[in-house]
Amino acid sequence: MVHEEPLSGGNASGDGVVRSGETVRKPWTASTPSVVAFVNALRAAGVDAPAPLGRDDAGRQVQEFVPGTLALDVYPLPQRDLRRAGAMVRAIHDASSTYEPPAGAVWETAIPAPGADLICHNDLAPWNLLTGERWMFIDWDAAAPSTRLWDLAYAAQAFTLSDPERDPHLAAADLTALIDGYQADDELRHHLPDTMSERTTAMYELLRTSNENGTEPWASMFSEGHGEHWLRVDRYVRSHRDTWRTALLAS
């Protein structure tokens with residue numbers, strides 16, 4: 001019998017994610033077939049992601065195991081790597097823009113997006129970016145319809161504006177590096193600061209309301225300190241919107 005090693009990393013990967021040999025096993029959900037089809041389409045378009053390998057005898061989804069280091073473990077990333085991450089987000093969005101989900105596709109994501117222009121990862125963050133010989137985003141289970149701006153706003157904030165104690169001008173330089181890597185146009189740059197604020201508020205409200213009604217894993221995350229963290233981040237992102245916008249539009 002192959003030894004199974006529990007894996008950690010993503011905030012909401014939950015229990016039951018294990019490494020088994022050179023594969024990862026995780027729960028199969030109603031949205032898994034839709035997510036697998038989407039990931040396969042991205043891979044066919046040149047986006048690297050863990051290869052889906054079907055379903056095992058226990059009913060779990062199977063993916064290839066890819067060795068590497070999570071960006072969260074070397075956070076904050078230097079600006080050259082932030083530009084690389086931004087370019088990766090752009091490649092995902094561009095590939096997704098031509099993807100047509102099959103009829104009846106099922107998606108499961110915690111925070112509804114304000115639009116449905118394309119299928120997005122919805123958690124492009126340091127805890128889901130694997131670095132090493134291959135760079136790729138992992139944990140695609142929350143993929144669902146969204147917009148470039150909403151998905152980019154979350155990624156930009158998560159990679160560059162997650163420390164509310166940091167000098168905002170230094171953070172703005174990192175933010176600009178990631179958005180330069182994405183090659184965002186002026187319209188995206190103009191709207192990004194307000195959208196980042198909306199996205200951080202949405203994350204805090206998810207944690208707060210989940211704590212009130214006992215919805216996991218968000219309820220436990222709130223009580224473990226994530227709620228306070230996101231409240232502080234939300235205030236930080238909101239209070240320096242002019243700094244972010246000035247830096248982005250000057251680039």
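The structure presented is a predicted model; accordingly, all values stated were derived computationally and were not measured. No hydrogens, no waters, no symmetry mates; every other heavy atom, side chains included, goes into these values.
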- Query: When rounded to the nearest 0.5 angstrom, what distance separates CG in N128 from CG in D123?
  - Reply: 4.5 Å
- Determine, using the 4.5 Å side-chain heavy-atom cutoff (strictly less than), whether L77 and L161 are members of one ILVMFWY cluster. yes
- Decide yes or no for V35 and V39: does some side-chain heavy atom of the first lie under 4.5 Å from some side-chain heavy atom of the second? yes
- Query: Heavy-atom distance under 4.5 Å between the side chains of P164 and R235, does that happen here?
  - Reply: no
- Are any of the side-chain heavy atoms of W244 and V237 separated by less than 4.5 Å? yes
- Message: Under the side-chain contact (heavy atoms from CB on, under 4.5 Å) test against L149, which residue among R199, M196, H191 passes?
- Response: H191
- Yes or no on side chain to side chain contact (heavy atoms under 4.5 Å, CB included) for V24 and L7, after CA distance, side-chain angles and deciding distance? CA-CA 9 Å; V24 172; L7 295 177; 3.9 Å; yes
- Note on the structure: In short, A156 meets I179 closest at the heavy-atom pair CB-CD1, 4.0 Å
- Item | Between E216 and S220: side-chain donor-acceptor atoms closer than 3.5 Å | yes
- Indicate if W150 and Y204 have the same hydrophobic cluster label, given that clusters are the connected sets of ILVMFWY residues with side-chain heavy-atom separations under 4.5 angstrom. yes
- Message: Looking at every heavy atom in both N122 and A144, which two are closest together, and how far apart are they?
- Response: ND2-N, 3.2 Å
- Message: Testing the basics here: between L206 and T209, what is the closest heavy-atom pair and its distance to 0.1 Å?
- Response: O-OG1, 3.4 Å
- Message: Checking the side chain of R55 only, and the main-chain atoms of D57 only, is there a donor and an acceptor separated by less than 3.5 Å?
- Response: no
- Side chains of P168 and Y236: closer than 4.5 Å at any heavy-atom pair? yes
- Message: Quick check: do P6 and V17 have side-chain heavy atoms less than 4.5 Å from each other?
- Response: no
- Verify same cluster id: Y154, L118 (apolar side-chain graph, 4.5 Å): no
- Item | Listed once per pair and sorted, the salt bridge (Lys or Arg N to Asp or Glu O under 4.0 Å) pairs that draw on residues 77-88, sequence neighbours left out | none
- Item | Minimum heavy-atom distance between S162 and V233, given as atom pair plus value | O-CG2, 3.7 Å
- Would the H226 and W230 ring centres measure less than 6.0 Å apart? no
- Item | M221 reachable from L72 in the ILVMFWY side-chain graph, under 4.5 Å edges | yes
- Message: Just checking Q183: does its CD atom have more than 12 heavy atoms from other residues, nucleotides or ligands closer to it than 6.0 angstrom?
- Response: no
- Query: What are the two closest heavy atoms between A95 and V47, and how far apart are they?
  - Reply: CB-CG2, 4.0 Å
- Short side-chain to backbone donor-acceptor contact, H169 and T243, under 3.5 Å: no
- Query: Taking atom CD of E205 and atom CZ of R208, what is their separation to the nearest 0.5 Å?
  - Reply: 4.0 Å
- Query: Okay, side chain of Q63, backbone of A51: is any donor-acceptor separation there less than 3.5 Å?
  - Reply: no
- Near D242 CG, under 6.0 Å, is it more than 12 heavy atoms from other residues, nucleotides or ligands? no
- Message: Can a donor-acceptor pair be found, under 3.5 Å and without considering hydrogens, that links the side chain of T160 to the backbone of A171?
- Response: no
- Does the side-chain hydrogen bond (donor to acceptor under 3.5 Å, both in side chains) test come out yes or no for D234 and T201, once each step is laid out? CA-CA 6 Å; D234 184 40; T201 297; 2.9 Å; yes
- Query: Heavy-atom distance under 4.5 Å between the side chains of S251 and R189, does that happen here?
  - Reply: yes
- Applying salt bridge (Lys or Arg N to Asp or Glu O under 4.0 Å), which residue pairs with at least one partner in residues 155-175 are found, sequence neighbours left out? E165-R232, R166-D174
- Message: Under the rule for side-chain hydrogen bond (donor to acceptor under 3.5 Å, both in side chains), what residues qualify as partners of T23, not counting sequence neighbours?
- Response: R25
- Message: If I take atom CE from residue M203 and atom CH2 from residue W218, how far apart are they, to the nearest 0.5 angstrom?
- Response: 5.0 Å
- Should we say atom CD of E187 is surrounded by more than 12 heavy atoms from elsewhere, each under 6.0 Å from it? no
- Task: With side chain to side chain contact (heavy atoms under 4.5 Å, CB included) as the test, would you mind laying out the steps for D139 and K26 before giving the verdict?
- Result: CA-CA 10 Å; D139 197 4; K26 58 198 309 185; 3.4 Å; yes
- Query: What's the verdict on side chain to side chain contact (heavy atoms under 4.5 Å, CB included) for D151 and L124, showing C-alpha distance, side-chain angles and the deciding distance?
  - Reply: CA-CA 8 Å; D151 205 40; L124 297 172; 3.3 Å; yes
- Message: Within this structure, what is the CG-OG1 distance for the pair L248 and T176, rounded to the nearest 0.5 Å?
- Response: 4.5 Å
- Message: side chain to side chain contact (heavy atoms under 4.5 Å, CB included), that's the test. Do W140 and L42 meet it? Break it down for me.
- Response: CA-CA 11 Å; W140 290 80; L42 292 182; 3.5 Å; yes
- Sequence neighbours excluded, every pair satisfying ring-ring contact (aromatic ring centres under 6.0 Å, His included) that has a member inside residues 59-118: F38-Y99, H93-Y182
- For S31 and E108, which heavy atoms make the closest approach, and how far apart are they? OG-OE1, 2.8 Å
- Hey, quick one: are V62 and V66 part of the same hydrophobic cluster, counting side-chain heavy atoms closer than 4.5 Å, chains of contacts allowed? no
- Query: Is there a donor in the side chain of Q157 and an acceptor in the side chain of T200, or the other way round, less than 3.5 Å apart?
  - Reply: no
- Message: Nearest 0.5 angstrom please: S96 OG to D117 CG, how far?
- Response: 10.0 Å
- Message: Within the 4.5 Å heavy-atom criterion, are E22 and E64 side-chain neighbours or not?
- Response: no
- pair R148-V89: side-chain heavy atoms closer than 4.5 Å: no
- Note on the structure: The complete set of side-chain hydrogen bond (donor to acceptor under 3.5 Å, both in side chains) pairs with one or both residues in residues 34-50, sequence neighbours excluded, reads D48-R134
- Task: May I ask you to check whether W127 and F159 place their ring centres under 6.0 Å from each other?
- Result: no
- Is there a side-chain hydrogen bond (donor to acceptor under 3.5 Å, both in side chains) between Q61 and D141 once you walk through the steps? CA-CA 11 Å; Q61 56 174 307; D141 297 296; 3.1 Å; yes
- Hydrophobic side-chain clustering at under 4.5 Å (ILVMFWY, transitive links): who's grouped with V18? Put none if nobody. none
- Message: Working to the nearest 0.5 angstrom, can you tell me the gap between T195 OG1 and L188 CG?
- Response: 8.5 Å
- Message: Using the rule given for salt bridge (charged side-chain N to carboxylate O under 4.0 Å, His left out), can you reason through E4 versus R60, listing the C-alpha separation, both sets of side-chain angles and the distance that settles it, and then say yes or no?
- Response: CA-CA 13 Å; E4 294 190 347; R60 301 173 296 183; 2.8 Å; yes
